[in-house]
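In what follows, every heavy atom counts, from backbone to side chain, and hydrogens, waters and symmetry copies are set aside.
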Amino acid sequence: MSMVTTSAWVPRGYAAPFPNKYQFDDDEFERIAGLAKLKLDEAEEDLEEAQEEEEEKKKGSGSSKAKAEGSTPAKTTTRDEIEIDDDLKEYDLENYDNDDEEEQGEAQQMGMFGNVKSLAYYESNKDDPYITLQEGAEEDEDREDLQILATDNLILAAKIEDELAHLEVYVYEDGADNLYVHHDIMLPAIPLCVEWLDIPVSKPGVDKDSVGNFVAVGTFDPDIEIWDLDTVDCMYPNAILGQGGNPEEEKKKKKKKKNKKANDEYHVDAVLALAANRKHRNLLASGSADKTIKLWDLHTTKCAKSYSYHTDKVCSLAWHSVESTVLLSGSYDRTCAIADMRAPTVAPTRVGVESDVENVKWDPHDPNYFYVSTENGIVHYFDARNASTNPSASKSVWQLQAHDESISSFDLNPVIPGFMATGSTDKTVKLWNIGPQGPSLVVSRDFDVGKVFTTTFGPDAAVAFRLAVGGSKGTMSVWDTSTNTGVRKAFAQKLPEAPAKEGEVEDRLVGVDDDESSSSDDGDDDDDGEEEDESDNESKSGNDDSMDED
């Protein structure tokens with residue numbers, strides 16, 4: 001089984017040109033020992049219990065065996081009673097298992113490595129004539145392989161493969177139409193959400209307010225792990241937000257199961273949503289299946305505040321782009337709440353929808369409005385100014401039956417106004433043009449990624465038309481939507497035209513092949529979609545009005 005559950009882009013310029021290789025020294029060992037103490041203690045307790053049970057079983061089986069044998073004396077045989085064949089006597093098998101320390105010592109002194117002190121030592125491998133392959137050349141080659149250019153984007157894809165969970169860090173080279181895995185990070189459980197962070201977290205020797213390249217990962221475990229993306233082959237996260245990050249508190253709870261009751265300190269169930277505050281960069285919001293929203297301070301890695309606005313799982317979060325302390329949250333209780341995190345005692349305003357909420361997003365081009373996608377395949381567009389404390393009284397500006405099945409993912413283009421992408425468990429990705437009268441379908445495609453779980457637009461102007469798509473087949477693809485005729489016609493008036501690229505083809509799709517299946521890379525959009533705009537039927541000579549950015 002292979003599956004991409006969620007993904008996120010990293011803007012250009014944040015990744016280190018040459019990522020560091022993980023160094024496991026004494027300080028790192030102490031840090032890992034401290035972070036992992038909770039799990040180590042639990043493992044030791046489980047081991048002790050297993051050993052005690054094993055001893056009890058042995059005692060029980062020993063006593064029952066003694067009872068069965070009764071008082072009958074066991075028949076013993078002495079070594080003298082055994083006649084040894086003359087041919088075997090020369091091998092002295094009687095003393096085969098005896099350890100003679102003196103003989104071993106003599107053997108060691110006279111062995112191949114007995115004269116170890118006579119071997120020549122060199123301070124550097126360069127001085128050793130027997131070492132012909134120098135380290136520098138190999139290190140330089142590895143360094144070049146790891147290099148990330150300023151024009152590259154990273155794409156973070158949470159993946160499950162053969163029951164193992166990991167985060168794959170892709171490098172997307174737009175100019176070269178290339179997408180490849182740079183490195184990956186092992187995860188403790190199935191990943192459900194990822195959020196890129198531009199602030200260093202628990203990185204020694206680095207100013208806590210400086211710019212960083214980190215990622216927060218939420219899984220079926222209640223803890224949130226934070227990893228440094230500029231370090232490859234890491235063994236353990238830089239920080240853990242939750243109970244696992246405070247092993248000293250767990251000493252009081254030995255031989256007791258973890259507390260499953262919601263509290264103000266940490267989550268006790270799966271983490272379903274994460275949202276980083278881009279203005280107050282040390283704040284990270286998380287939503288959980290324990291029905292709570294937690295606000296974390298990344299400087300201290302502690303929970304600053306806990307909120308209980310919902311009566312069911314909190315599955316999606318989004319910070320307001322202007323009012324930076326206002327948080328939008330969506331829940332399986334079929335409501336969305338708009339709350340100011342500075343006023344936890346004030347009841348939030350709400351809107352209601354017809355089924356479980358899947359995703360919520362603020363309109364990046366008009367902060368008074370927000371979008372909500374639901375399990376029934378409907379997208380709602382709400383005016384936040386009309387929301388009230390009564391969710392049933394709220395009415396959407398418009399609603400769209402985008403898919404027949406659940407909308408598992410949707411995104412709004414941060415650069416191009418009115419450009420929306422939706423992905424569904426019906427295996428299709430649809431692009432929409434949202435005008436004054438509402439949304440209209442531009443194109444629909446099946447990318448052969450299975451059920452679509454993630455659709456995200458590129459964060460930079462240079463890759464604004466690029467859409468990352470992943471799903472249940474475990475493949476990631478990046479679609480250059482500007483190579484589609486319908487997209488160019490729909491958004492021709494929203495961006496200045498750029499000269500067409502020489503030799504460009506329709507529906508440019510860049511993907512990474514999976515071990516068992518490969519992503520679709522057929523350049524024909526006309527036959528793939530369920531519904532298509534009539535403009536898609538034009539010939540490929542229509543590239544003269546290409547909107548590919550510089």
Just by distance, do the side chain of [X] and the backbone of [Y] share a donor-acceptor pair under 3.5 Å?
{"X": "R488", "Y": "S482", "answer": "yes"}
{"X": "K159", "Y": "G474", "answer": "yes"}
{"X": "T456", "Y": "A8", "answer": "no"}
{"X": "S331", "Y": "K313", "answer": "yes"}
{"X": "S373", "Y": "N359", "answer": "yes"}
{"X": "D356", "Y": "E375", "answer": "no"}
{"X": "R281", "Y": "S210", "answer": "yes"}
{"X": "N277", "Y": "S324", "answer": "yes"}
{"X": "N368", "Y": "A384", "answer": "no"}
{"X": "W296", "Y": "S286", "answer": "no"}

Measuring from atom [atom1] of [X] to atom [atom2] of [Y], what distance do you get when rounded to the nearest 0.5 angstrom?
{"X": "S388", "Y": "I338", "atom1": "OG", "atom2": "CD1", "result": "10.0 Å"}
{"X": "N386", "Y": "S396", "atom1": "CG", "atom2": "OG", "result": "11.0 Å"}
{"X": "I199", "Y": "N213", "atom1": "CD1", "atom2": "CG", "result": "13.0 Å"}
{"X": "Y307", "Y": "L295", "atom1": "OH", "atom2": "CG", "result": "5.0 Å"}
{"X": "H183", "Y": "C234", "atom1": "NE2", "atom2": "SG", "result": "7.5 Å"}
{"X": "R445", "Y": "T481", "atom1": "CZ", "atom2": "OG1", "result": "11.0 Å"}

Could you walk me through whether N238 and D228 satisfy the side-chain hydrogen bond (donor to acceptor under 3.5 Å, both in side chains) test, starting with their C-alpha distance in whole Å, then the side-chain angles of each, then the deciding distance to 0.1 Å, before giving a yes or no? CA-CA 7 Å; N238 284 58; D228 184 359; 4.7 Å; no

Could you check K302 against Y266 for side-chain contact (heavy atoms from CB on, under 4.5 Å), going step by step and ending with a plain yes or no? CA-CA 9 Å; K302 304 290 184 183; Y266 48 81; over 6 Å; no

Least distance between heavy atoms, [X] atom then [Y] atom:
{"X": "V449", "Y": "S477", "value": "CG1-OG, 4.5 Å"}
{"X": "D290", "Y": "V268", "value": "OD2-N, 3.1 Å"}
{"X": "K294", "Y": "D264", "value": "CE-C, 4.1 Å"}
{"X": "A270", "Y": "S288", "value": "O-OG, 2.8 Å"}
{"X": "P191", "Y": "T5", "value": "O-OG1, 2.9 Å"}
{"X": "L467", "Y": "T455", "value": "CD1-C, 4.2 Å"}

Test side-chain contact (heavy atoms from CB on, under 4.5 Å) on L400 and T422 and set out the steps. CA-CA 11 Å; L400 167 70; T422 59; 6.0 Å; no

Quick one: do L274 and V217 satisfy side-chain contact (heavy atoms from CB on, under 4.5 Å)? Show the steps, please. CA-CA 8 Å; L274 293 168; V217 184; 5.7 Å; no

Does some side-chain heavy atom of [Y] sit less than 4.5 Å from a side-chain heavy atom of [X]?
{"X": "T374", "Y": "E358", "value": "no"}
{"X": "Y381", "Y": "I434", "value": "no"}
{"X": "Y371", "Y": "M420", "value": "yes"}
{"X": "L154", "Y": "V171", "value": "yes"}
{"X": "V271", "Y": "L192", "value": "no"}
{"X": "C336", "Y": "L328", "value": "yes"}
{"X": "R12", "Y": "D174", "value": "yes"}
{"X": "Y332", "Y": "C315", "value": "yes"}

Thinking salt bridges, do R278 and E195 make one under a 4.0 Å N-O criterion?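 Salt bridge: yes.
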
Hey, is D312 close enough to K291 for a salt bridge, meaning N to O under 4.0 Å?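 No, no charged N to carboxylate O under 4.0 Å.
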
Tell me yes or no: between the side chains of [X] and [Y], is some donor less than 3.5 Å from an acceptor?
{"X": "T425", "Y": "E405", "value": "yes"}
{"X": "T483", "Y": "D480", "value": "no"}
{"X": "H365", "Y": "N413", "value": "no"}

Criterion side chain to side chain donor-acceptor pair (under 3.5 Å) against T325, the qualifying member of K279, R342, H320: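 The side chain to side chain donor-acceptor pair (under 3.5 Å) with T325 is passed solely by R342 among K279, R342, H320.
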
Angle class for the Y180/H182 ring planes (parallel below 30°, perpendicular above 60°, tilted otherwise)? tilted

For K208, look at atom NZ and say whether over 12 heavy atoms of other residues, nucleotides or ligands are found less than 6.0 Å away.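 Atom NZ in K208 is not crowded, with 12 or fewer foreign heavy atoms closer than 6.0 Å.
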
Within 6.0 Å of CD in E163, more than 12 heavy atoms from elsewhere: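 Not buried by this count: 12 neighbours or fewer within 6.0 Å.
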
Apply side-chain contact (heavy atoms from CB on, under 4.5 Å) to residues N484 and W479 and explain how you reach the verdict. CA-CA 10 Å; N484 180 270; W479 180 25; 4.3 Å; yes

So, for F419 and F457, is the gap between ring centers shorter than 6.0 Å?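 Yes, the ring of F419 comes within the 6.0 Å limit of the ring of F457, centre to centre.
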
